[in-house]
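Lettering of chains follows the sequences in order, A, B, ..., and the numbering in each one begins at 1.
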There are 2 protein chains.
Amino acid sequence: MPFLENIEYDHLLEEFKSVLRKNSLKFTKQRETILKTLYNFPGHFLPEEFYNLIKKNEPNSNIGIATIYRTLNLLEESEIVTALSFGKNGKKYELANKPHHDHIICKNCGLILEFEDKSIEKRQKEIAQQNGFELTNHIMQLYGICPKCKRKKIGI
Amino acid sequence: MPFLENIEYDHLLEEFKSVLRKNSLKFTKQRETILKTLYNFPGHFLPEEFYNLIKKNEPNSNIGIATIYRTLNLLEESEIVTALSFGKNGKKYELANKPHHDHIICKNCGLILEFEDKSIEKRQKEIAQQNGFELTNHIMQLYGICPKCKRKKIGI
DNA sequence: AAAATATTGATACATTTTATCATTTTTTTA
DNA sequence: TAAAAAAATGATAAAATGTATCAATATTTT
Ligand SMILES: [Mn+2]
Ligand SMILES: [Mn+2]
Ligand SMILES: [Zn+2]
Ligand SMILES: [Zn+2]
């Protein structure tokens with residue numbers, strides 16, 4: 001593993017440990033495995049997908065699905081991961097190691113791209129203000145057909 | 001009921017009947033009751049909330065919860081209603097009798113306000129295009145604290 | 001090392017939504 | 001308009017995602 005990534009992971013680990021200490025929580029093998037998996041697999045994953053990813057990559061870990069849910073919730077509250085909601089199809093999690101962004105999603109193949117747009121973010125703040133709201137967060141997801149699927153001329 | 005509203009409702013009803021005819025579906029008392037309730041109660045409601053609304057307002061209808069779900073799905077596919085997702089807390093439905101809009105939602109009291117912003121919509125189209133996507137739809141929800149709740153100085 | 005504390009995996013349970021199916025209602029046909 | 005065909009219904013079982021419970025285990029503190 002390249003040097004830089006090791007440094008980044010160590011930093012992340014320290015951040016997690018700090019959150020745990022602050023809340024009188026314990027540093028366990030399972031929590032470390034989940035954090036490492038988040039780090040090693042950039043992308044957007046459902047709890048179930050993490051569960052299978054860990055079973056495959058850390059066959060000796062034997063983590064229960066409940067621990068996956070518990071730990072992702074903890075990491076989300078701690079803002080170490082962010083979640084992307086798919087309605088009743090669950091939430092996909094990703095490491096929060098990049099600046100805020102939104103997503104554009106292919107309705108055919110599920111491809112997820114990321115983007116950020118300062119002008120939209122600015123308008124959102126203005127709209128909230130106009131309505132007297134104190135804005136805390138937002139969700140924005142664009143849905144469509146990706147270039148690859150367009151080429152295949154899929155009928156959705 | 002005022003005259004204008006009757007005209008609008010009749011128009012809506014004809015639209016629904018046309019969808020049903022087109023798909024060889026039948027016009028039933030239950031489907032009419034649900035459409036009428038959507039029309040009479042503007043707002044954003046969960047299937048369960050519609051179910052209770054109808055039980056209260058049409059005590060003789062005896063509609064099953066399954067029919068509520070089935071009919072809302074049908075109306076959504078037919079673009080007669082639109083849905084607002086609340087993750088695992090379900091979807092709130094509203095009659096699609098106004099132009100496209102997005103929502104700003106109070107995290108404390110659940111108040112939902114509507115807005116439309118042409119400049120955001122335009123940027124969304126541009127972003128999709130830049131990524132080679134054919135944009136079909138989007139979701140955007142702003143979350144925050146409404147003026148009333150702000151005044152109460154709620155600690156979230 | 002012992003005691004205190006928190007976590008874990010298994011699994012029961014909760015919640016939202018869909019599937020199943022016998023019966024009823026609506027529409028078509030004659 | 002009566003009979004036949006087709007679809008919808010309500011009740012409820014089942015699926016799917018996520019949370020709660022709990023005895024056993026691991027971590028941390030003393
Ligand atoms: Mn992302
Ligand atoms: Mn609305
Ligand atoms: Zn695609
Ligand atoms: Zn409020």
Name the nucleic acid region contacted by [X], choosing base, sugar-phosphate or nothing; use a 4.0 angstrom heavy-atom cut-off, strictly under.
X      : value
N73(B) : sugar-phosphate
L46(B) : nothing
N89(A) : nothing

*Using the closest heavy atom to pick a nucleotide of DNA chain D for each, name whichever of I65(B) or L20(B) lands nearer the 5' end.*
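Per heavy-atom nearest nucleotide, the more 5' residue is L20(B).
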*Between K88(B) and A66(B), name the one whose nearest nucleotide on DNA chain D is closer to the 5' end.*
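Counting from the 5' end, the first nearest nucleotide belongs to A66(B).
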Taking only the side-chain heavy atoms of [X] (C-beta and beyond), determine which of [options] contains the nearest atom.
X      : options                  : answer
L25(A) : dT26(C), dT27(D), dA6(C) : dA6(C)
Y69(A) : dT19(D), dT18(C), dG9(C) : dT19(D)
F27(B) : dT27(C), dT9(D), dG10(D) : dT27(C)

_dT25(C) phosphate, OP1 or OP2, under 4.0 Å from Q30(B) side-chain N/O_ =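 Checking dT25(C) against Q30(B), no side-chain N or O comes under 4.0 Å of OP1 or OP2.
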*asked:* Check this one for me: any side-chain N or O of S24(A) less than 4.0 Å away from OP1 or OP2 of dT5(C)?
replied: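 For dT5(C), OP1/OP2 do not have a side-chain N/O of S24(A) under 4.0 Å.
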Please report the distance, rounded to the nearest Å, between [atom1] in [X] and [atom2] in [N].
X      : N       : atom1 : atom2 : value
I63(B) : dT12(D) : CD1   : P     : 18 Å
E48(B) : dT18(C) : CD    : P     : 14 Å
K92(A) : dT17(D) : NZ    : C1'   : 15 Å
K26(A) : dT25(D) : NZ    : C1'   : 11 Å
E32(A) : dA26(D) : CD    : P     : 16 Å
Y51(B) : dA11(D) : OH    : C1'   : 10 Å
I68(A) : dG9(C)  : CD1   : P     : 8 Å
I34(B) : dT9(D)  : CD1   : C1'   : 11 Å

*Mutual orientation of the aromatic rings belonging to F27(B) and F16(B) [parallel < 30°, tilted 30-60°, perpendicular > 60°]*: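 The rings of F27(B) and F16(B) stand perpendicular, inter-plane angle above 60°.
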*Mind telling me whether H138(B) and H100(B) have parallel, tilted or perpendicular rings, with 30° and 60° as the class edges?*
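It falls in the perpendicular class, over 60°.
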_Donor-acceptor pair under 3.5 Å, K29(A) side chain vs dA26(D) base_ =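 Absent.
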*Polar pair under 3.5 Å, donor/acceptor by atom type, side chain R70(A), base dG18(D)*: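 Between dG18(D) and R70(A), which were checked side chain against base, a qualifying N/O pair under 3.5 Å is absent.
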*Taking the six-membered ring for Trp, are the ring centroids of Y93(A) and F45(A) within less than 6.0 Å of each other?*
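Not under 6.0 Å, so no.
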*asked:* Counting neighbours of CD on E79(B) that are heavy atoms of other residues, nucleotides or ligands and sit closer than 6.0 Å, is the number greater than 12?
replied: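 Open: at most 12 neighbouring heavy atoms sit under 6.0 Å from CD of E79(B).
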*Are there more than 12 heavy atoms of other residues, nucleotides or ligands under 6.0 Å from atom NZ of K98(B)?*
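Counting other residues, nucleotides and ligands, NZ of K98(B) exceeds 12 neighbours.
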*Going by heavy atoms in the side chains, are E58(B) and K36(B) under 4.5 Å from each other?*
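They are in side-chain contact.
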*On DNA chain C, nearest-nucleotide positions of G87(B) versus G64(A): which is more 5'?*
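Checking each residue's closest nucleotide, the 5'-ward one belongs to G64(A).
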